[in-house]
Trainee: 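Let me give you the structure first, and then I'll get to my questions.
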Amino acid sequence: MTETKYIFVTGGVVSSLGKGIVSASLGKLLQARGYNVTIQKFDPYINIDPGTLNPYEHGECYVTVDGHEADLDLGHYERFLNIPTTRANNITTGRIYQNVINKERKGDYLGKTVQVVPHITDEIKRNVKLLGSKNQFDFVITEIGGTVGDIESLPFIESVRQLRWELGQNALCVHLTYVPYIAAAKEVKTKPTQHSVKQLQELGIQPDVLVLRTERMLSNEIRRKVALFCNVAESAVVQSVDASTIYEVPLMLQQQGMDSIVLRKMGMEVGETPEMKPWREFLDKKSNAKDSVRIALVGKYVELQDAYKSISESLMHAATYNNHKLDLRYVHSEKVTAENVASLLDGMDGVVIAPGFGQRGVEGKFIALKYCRENNLPTFGICLGMQSMVIEYARDVLGLKDANSTEMNVKTPYKVIDLMEEQKSVTNLGGSMRLGSYDCKLFKNSLAYEAYGKELIQERHRHRFEFNNEYREQFEENGMRCVGINPETGLVEVVEVPSLKWYVGVQFHPEYNSTVLKPNPIFMSFMKAAIDNKKG
């Protein structure tokens, strides 16, 4: 292919229909045909990125290899396509306006009045095309956040309209909309879809493909009706029915020929339908697993499970490849006490101590860790979870009674977790963070080395505080080894207690590096330990 093709995915009626999953699924189908595909997400909020957003507001904050804090949909893109993303894959309204204002301040617009059209829309279009031209992708799929009709999304929709006009057959619009089932009337209703498409048409965009999100299978008659009222070919009306797992969606869309429809509409050869054997094998393993493994995830955002989306998916990948179903139990760290910890964690095969920021719920993590350590439960601490392991160990094993992180208590006499000196003068929240992919050197004769099978690894980070190396010797003398080190800075990345079955903490976020076809090694090692523990 010589010219990059651009596919825009919009949504209507309500949010959370699964535009990200449909985008990732279509990308997977095109990738399976041998095309070089990437996906980007345009978010209509004014924040520069989701880095400072509360997880209750936005779910998980995903981190790309180049250290950009991004929307959680990028996690789906990576898990489906098995490719890394960068800051170019997630653009917010805030970023667009910031870029335009910076250009205006520098005089780039030569004194002209800066307006939404053409200046904001030109900047949006530049970011769409930049991804294709820079990296020579065959397809760039662009998901537009929010729903058609949102005032925040209008500049993005207008940019799509312009690009479709400019790019001709090299651009195509997929519109995801909702077809509800009214239980009292015992029928599905297409009117919300009709209104959604009409609104899109009023903004100058005629969708090429319609994806109908529905709880139950739709008849051909319903699809014909939608096609007639929405000016879309009947063959280009596909349905996305509720599935037992999001990983079934690519195969459901392939069965309806969605990738073939897209290729035909873009004037390309269709060819044979890919077998997608590794993907099907993963799903077979998942559905045929007879035994389950019970894992507790201890964190403070458990009411909103999207806050730990990448962790839960990584655990599921690892359980599947270990021929088990994942039985994941969420434990609210704020509610963990010395009196109830045994009942909350009783019967668990393994425990994950979740990442996070701030004081809230952290004492519950310490209590959970003490229980896990004393009862020799396979335990996996991630980021703040690893730091909590260090603090609990310092208090209970090293005898440093008031040991803490300076994030929780600036006046702690034992700063076992602390800011690095060069970070202490930085005031911007994002500025003092270690973000993105960093090297880690693993020590041989460690569980971490055994898991990865190599000495040098790269994993992604999102944290501000670090293990304080002044205490390293004291920890190692008392049984907690530092087995992963950043080779440039000497910062501790991995700790473990060799005398226990599997008690490992990692400063990085391995969940950002686990995909359907390539589960993360440290998750695989933890899951195997949990299954072995279950077997006794």
Side-chain angles (χ1 to χ4, degrees), residues 1 4-9 18-43 60 62-66 68 70-91 128 130-132 134-145 172 174 176 211 240 243 245-254 258-260 262-263 266 268 273-283 286 309-310 312-314 316-317 320-321 436-437 458-460 509-520 523:
M1 280 178 63
T4 301
K5 309 285 184 181
Y6 295 88
I7 298 171
F8 301 98
V9 180
K19 289 192 303 297
I21 301 302
V22 168
S23 300
S25 298
L26 177 56
K28 186 71 207 171
L29 295 179
L30 294 169
Q31 188 188 58
R33 290 177 174 272
Y35 294 112
N36 191 9
V37 183
T38 192
I39 313 177
Q40 63 181 174
K41 171 83 180 279
F42 280 3
D43 272 310
E60 172 188 73
Y62 192 78
V63 177
T64 61
V65 287
D66 60 345
H68 176 66
D71 182 80
L72 61 81
D73 272 320
L74 269 72
H76 292 311
Y77 303 163
E78 290 203 15
R79 285 188 285 273
F80 275 64
L81 299 184
N82 203 31
I83 58 167
T85 54
T86 67
R87 66 184 290 110
N89 293 82
N90 190 203
I91 311 290
V128 171
L130 188 67
L131 199 55
K134 251 188 172 184
N135 301 285
Q136 297 179 319
F137 288 108
D138 299 323
F139 285 93
V140 173
I141 300 173
T142 303
E143 177 194 343
I144 308 295
L172 177 145
V174 175
L176 175 66
V211 180
S240 178
T245 169
I246 57 173
Y247 302 116
E248 289 177 5
V249 177
L251 300 183
M252 287 166 51
L253 296 181
Q254 186 189 53
M258 186 173 175
D259 49 339
S260 304
V262 166
L263 292 171
M266 301 190 105
M268 300 168 68
T273 301
E275 191 180 353
M276 295 183 70
K277 190 178 176 184
W279 196 270
R280 291 179 188 275
E281 285 173 351
F282 168 80
L283 285 172
K286 189 177 186 307
K309 192 67 179 172
S310 289
S312 62
E313 292 301 303
S314 300
M316 188 273 287
H317 300 157
T320 300
Y321 282 105
S437 189
Q458 290 80 35
E459 291 283 10
R460 300 180 210 181
H509 286 264
E511 70 272 20
Y512 296 146
N513 212 6
S514 182
T515 70
V516 174
L517 301 182
K518 195 178 178 185
N520 189 285
F523 275 96

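Residue numbers start at 1 and run along the sequence shown.
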Trainee: Using the side chain to side chain donor-acceptor pair (under 3.5 Å) criterion, which residues pair with Tyr512? Sequence neighbours excluded.
Mentor: none
Trainee: Does Ser260 have any side chain to side chain donor-acceptor pair (under 3.5 Å) partners at least two apart in sequence or in another chain, and if so, which?
Mentor: Arg33
Trainee: Quick check for you: to the nearest 0.5 Å, what is the distance between Asp259 atom CG and Gln31 atom CD?
Mentor: 12.5 Å
Trainee: Between Phe282 and Tyr321 (judged by ring centroids, cut-off 6.0 Å), do the two rings come close enough to count as a pair?
Mentor: yes
Trainee: Does anything in residues 81-91 pair up under salt bridge (Lys or Arg N to Asp or Glu O under 4.0 Å), and if so which pairs, sequence neighbours excluded?
Mentor: none
Trainee: Would you say Ser437 and Gln458 are linked by a side-chain donor-acceptor pair, where the criterion is simply a distance under 3.5 Å?
Mentor: no
Trainee: Atom CD in Glu248, atom CG in Leu283: separation rounded to 0.5 Å?
Mentor: 6.0 Å
Trainee: Nearest 0.5 angstrom please: Asn82 CG to Leu517 CG, how far?
Mentor: 6.0 Å
Trainee: Do His68 and Thr86 touch side chain to side chain, with heavy atoms closer than 4.5 Å?
Mentor: no
Trainee: Please identify each residue that fulfils salt bridge (charged side-chain N to carboxylate O under 4.0 Å, His left out) with Glu143, with sequence neighbours left out.
Mentor: Lys41
Trainee: What heavy-atom pair brings Ile7 and Leu30 nearest, and what distance separates the two atoms?
Mentor: CD1-CD1, 3.9 Å
Trainee: Under a 3.5 Å distance rule, please check whether Glu78 uses its side chain to pair with a backbone N or O of Thr85 as donor and acceptor.
Mentor: yes
Trainee: Considering all heavy atoms of both residues, which atom of Gly18 and which atom of Leu176 are nearest to each other, and what is their separation?
Mentor: C-CD2, 3.6 Å
Trainee: Starting at CG of Leu172, measure out to OH of Tyr6 and round the result to the nearest 0.5 Å.
Mentor: 14.0 Å
Trainee: Rounded to the nearest 0.5 Å, how far does CZ of Phe139 lie from CE of Met268?
Mentor: 3.5 Å
Trainee: Looking at residues at least two apart in the chain, or sitting in another chain, which of them share a side chain to side chain donor-acceptor pair (under 3.5 Å) with Ser25?
Mentor: none
Trainee: Measuring centre to centre across the rings, with the benzene-like ring taken for any Trp, is His317 within less than 6.0 Å of Tyr247?
Mentor: yes
Trainee: Would you tell me whether Thr38 and Asn89 have side-chain atoms, one donor and one acceptor, within less than 3.5 Å of each other?
Mentor: yes
Trainee: Mind listing the closest non-hydrogen atom pair of Leu29 and Pro250 along with its distance?
Mentor: CD2-O, 3.4 Å
Trainee: Measure the shortest side-chain to side-chain distance between Leu131 and Thr142 over non-hydrogen atoms and say whether it is less than 4.5 angstrom.
Mentor: no
Trainee: For the pair Asp138 (side chain) and Asn36 (backbone), establish whether a donor and an acceptor sit closer than 3.5 Å, ignoring hydrogens and angles.
Mentor: yes
Trainee: Can you tell if the side chain of Tyr62 reaches within under 4.5 Å of the side chain of Asn90, non-hydrogen atoms only?
Mentor: no
Trainee: Looking at side-chain heavy atoms only, is the closest gap between Val65 and Arg460 below 4.5 Å?
Mentor: yes
Trainee: Side chains of Gln254 and Pro274: closer than 4.5 Å at any heavy-atom pair?
Mentor: yes
Trainee: Is the closest side-chain heavy-atom distance between Glu511 and Asn520 below 4.5 Å?
Mentor: no
Trainee: Which atoms form the tightest heavy-atom contact between Leu74 and Thr64, and what is the distance?
Mentor: CD2-CG2, 3.9 Å
Trainee: Could you give the distance from CD (Gln40) to CD1 (Ile141), rounded to the nearest 0.5 Å?
Mentor: 10.5 Å
Trainee: Going by distance alone, is a donor N or O of one side chain under 3.5 Å from an acceptor N or O of the other, for Arg79 and Ser314?
Mentor: no
Trainee: Search all heavy atoms of Phe137 against all heavy atoms of Thr4 and return the closest pair with its distance.
Mentor: O-OG1, 2.8 Å
Trainee: Can you find a pair of side-chain heavy atoms, one from Ile246 and one from Phe80, that are under 4.5 Å apart?
Mentor: yes
Trainee: Just jot down the side chain to side chain donor-acceptor pair (under 3.5 Å) partners of Asn513, sequence neighbours excluded, or say none.
Mentor: Glu459
